[in-house]
2 protein chains.
Amino acid sequence: MKVNQKYIADLLKISRVTVTKALQDHPDIAISTVKKVKALADELGYIPNIVGRSLSTKKTNTIGVVVPKINHSFFSTIIEEMYTKAQALGYQIILMVSFENEESELANVKSLLSMNVDGIIIDSVSTSAKDKSYELILKHQKPLIYIDRKPRSIKKVESIVFDDYNLSYKLTNLLIDRGYKDIMYITGSQEVNICYDRLIGFKTAMSDARLDVPTDWILNADLDKENSYKVFQKYLENNSKLPEAIVCVNDFVALGVYEACEKNQIKIPDDISIVGFGHLNISNLVQPPLSTVKLDLQKASFVAVEKLIAMINDQPYEKNNIIGGEIIFRESVK
Amino acid sequence: MKVNQKYIADLLKISRVTVTKALQDHPDIAISTVKKVKALADELGYIPNIVGRSLSTKKTNTIGVVVPKINHSFFSTIIEEMYTKAQALGYQIILMVSFENEESELANVKSLLSMNVDGIIIDSVSTSAKDKSYELILKHQKPLIYIDRKPRSIKKVESIVFDDYNLSYKLTNLLIDRGYKDIMYITGSQEVNICYDRLIGFKTAMSDARLDVPTDWILNADLDKENSYKVFQKYLENNSKLPEAIVCVNDFVALGVYEACEKNQIKIPDDISIVGFGHLNISNLVQPPLSTVKLDLQKASFVAVEKLIAMINDQPYEKNNIIGGEIIFRESVK
DNA sequence: CTGTTAGCGCATTCAC
DNA sequence: GTGAATGCGCTAACAG
């Protein structure tokens, strides 16, 4: 038999409403009644049905989170941090995975809206100018925050992004300081904000130092190891000149370069220096340890959840946060 | 204004029920009406409210998943695979994290029950004989499957576990074949099935080969790198005799041993050989690459989701699956 | 083919 | 202090 409020009420021969109120410690109800109700509820293992409650209160106390992948150290870290913070603040996270696919992201957003989450956090895969997910959420007037990646075309939306431009600029500058001149860059789609900002940071640093970057030394690798391997491998097949250093848009891309170097017997850092971005947990386990930029993932995740909940509850919040990081040089650079 | 079925019905001046049926392609309704309704729904960006539907149908089309952690390659892999399979079968996953804490697991289960998920999959943290999560789910008659780790005390429950005993036996045997005799084992709590089974596999292989294992050569390390480091470090401080090889209950534990070896300038595999279990993605990135056992995580995850959904829908399913694996020797063993 | 009625579990409002 | 009435959005059973 299902244990719900009616069940308890019938057993106690009181009204269902009294049960509701008693369970909420409503001042209306006599303490003795409250005690009786709670005791029985405990005994029966009563668990409130949130579905019913949500329908009535128009709140679900859940927040939807859409990420491109789970099984990557970067994402699994921010996911876990968001879970931690949400749990502490009394919210449940409904996690969806877009698998780096725009249509899937849209479907996820639809699911979240139909599940009536109170707000949404997206690490976007969008590369197109018009973003349907965004339009839809806007239409439904749900609080929304982009974390990490957001479609570049959307301006008027809350976001929590990393200080990509400045970190990339600084990183490049540190390389230049060490005497590097012929530096290659491997990036992803320019529609994704992180790729754009990091590349601009790189380019600006180079031009500020009056160093030239040939157009064909900016390769496009779609943000993952496999593509990066292919792209750099192809470069090696078609060109004889090796850059002195390669700046990669993230650590996965750097690992792809590692692989290509190993296949072609190019020694890191003797023949070439490599730097990544993002500080994957494996970045200091590979040989040689990878120089990279450590982003404050916990802070970004915490801020995202805190801010979204503030938005949900019409509380004040800081606008458009930029999260810093720290440059870490290891043996992949001479 | 909120777009719901009533809103559409009013606009079209028909009954709400007609709208419901039209949206479901119910044969009752005239095609012309169906078209009109769907067109308007599309135009308005109507998204059904699943909360309402669930309350009415008593089904949520969601399955609850509880895992100890997210930010570990093993867990993030099975999570992602479960998402993949669930999505393909039209179910949503509600993911909860117990953070290796039994009380938290129980709270998660309560949340899932109150969200009225159709079934639950748990990678358990329970170490105690009486498992409250289990009792609760049983009481609520929800389909339940344990994956990977389950409380050893519970017998009559569906589970999907890895072939720990046999793989551990085989692994140990392969070491013995290579001439190793003084072998240490580092394990976790014996209440967790994987620890128990793997240790028994090890012990049996050793005794079958008439090799002795001193009791103080079976260390307890709680399944993670930090504890493993501490435990083995402590051993090194208090003992002079080094084992020829160490079998670790999982790769994290093996990495803790790596760390202790490095701190104490013990060379792997020259001074000591190490094997892990689980095939973390980093296992072949560390130096030297770690010998380990690769478990078929995708299969386990797929089977878990498929089976749970079969249970939910009262369809037949195979009982208590055991998922195999493959032993991979790398440079961490001579 | 369409609509009426009823109910899912809970919470709020208001009257007793 | 207690409870009756109402509605949240949707669906199922039945009637017209």
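Lettering follows sequence order; numbering is per chain, from 1. Everything numeric here is computed off the predicted structure, so don't read it as measured data.
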**Prompt:** Quick one: is A:Y7 getting a side-chain N or O under 4.0 Å of the C:dC8 phosphate, OP1 or OP2?
**Reply:** no
**Message:** Do A:N320 and A:E158 make a side-chain contact, defined as non-hydrogen atoms from C-beta onward lying under 4.5 Å apart?
**Reply:** yes
**Prompt:** At under 4.0 Å between heavy atoms, what does B:K21 touch on the DNA or RNA strands: base, sugar-phosphate, or nothing?
**Reply:** base
**Complete:** In whole angstroms, the gap separating P of D:dG9 from CG of A:L113 amounts to 15 Å
**Item:** Sugar-phosphate only, base, or nothing, as touched by B:P27 at under 4.0 Å among non-hydrogen atoms
**Value:** nothing
**Message:** Rounded to whole Å, please give me the gap between CG in A:D25 and C1' in D:dG1.
**Reply:** 15 Å
**Message:** It should be established whether B:R53 places a side-chain nitrogen or oxygen under 4.0 Å from OP1 or OP2 of nucleotide D:dG9.
**Reply:** no
**Prompt:** Separation of B:R16 atom CZ from D:dG7 atom C1', in whole Å?
**Reply:** 11 Å
**Prompt:** Which of parallel (below 30°), tilted (30 to 60°) and perpendicular (above 60°) describes B:F74 and B:F162?
**Reply:** perpendicular
**Message:** Using a 4.0 Å heavy-atom cut-off, does A:S54 contact any base of the nucleic acid, only the sugar-phosphate backbone, or nothing at all?
**Reply:** nothing
**Message:** Could you report the tightest heavy-atom contact between A:T62 and A:Y91, atom names first, then the distance?
**Reply:** N-CD2, 4.0 Å
**Prompt:** Base, sugar-phosphate, or nothing for A:N49, non-hydrogen atoms under 4.0 angstrom?
**Reply:** sugar-phosphate
**Request:** Please state how far atom CD1 in B:I47 lies from atom P in D:dG9, giving the value in whole angstrom units.
**Result:** 15 Å
**Asked** Between B:N4 (CG) and D:dG7 (P), how many Å, whole number?
**Response** 14 Å
**Message:** With a 4.0 Å limit, can you tell me whether B:S15 has a side-chain N or O closer than that to the phosphate oxygens OP1/OP2 of C:dT2?
**Reply:** no
**Request:** Give B:T57 one of three labels, base, sugar-phosphate or nothing, depending on what nucleic acid heavy atoms sit under 4.0 Å from its own.
**Result:** sugar-phosphate
**Prompt:** What are the two closest heavy atoms between B:E100 and B:V125, and how far apart are they?
**Reply:** CA-CG1, 3.6 Å
**Message:** Taking any heavy-atom pair under 4.0 Å as a contact, classify B:I14: base, sugar-phosphate, or nothing.
**Reply:** sugar-phosphate
**Atom pair distance, as rounded to whole Å: CG in B:N116 and P in C:dC10** = 10 Å
**Item:** Check ion pair A:D42-A:K38 (N to O, under 4.0 angstrom)
**Value:** no
**Fill in**
Taking C:dC10, D:dT11, C:dA11 as options, the one with an atom nearest any side-chain atom of B:Q5 is D:dT11
**Geometric cation-pi criterion, B:K307 with B:Y317: 6.0 Å, 45°** = no
**Request:** Using heavy atoms to find the nearest nucleotide of DNA chain D for B:I50 and B:D28 separately, return the residue whose nucleotide is more 5′.
**Result:** B:I50
**Item:** 5′-ward residue of the pair A:H26/A:S56 relative to DNA chain D
**Value:** A:H26
**Asked** What is the distance from NZ of B:K6 to C1' of D:dT11, rounded to the nearest Å?
**Response** 17 Å
**Item:** Closest to the B:L55 side chain, choosing from C:dA11, D:dG9, C:dT5
**Value:** D:dG9
**Prompt:** OP1, OP2 of D:dG9 versus side-chain N and O of A:K58: anything below 4.0 Å?
**Reply:** yes
**Prompt:** Picking from D:dG9, C:dG9, D:dT2, which would you name as closest to the side chain of A:I29?
**Reply:** D:dT2
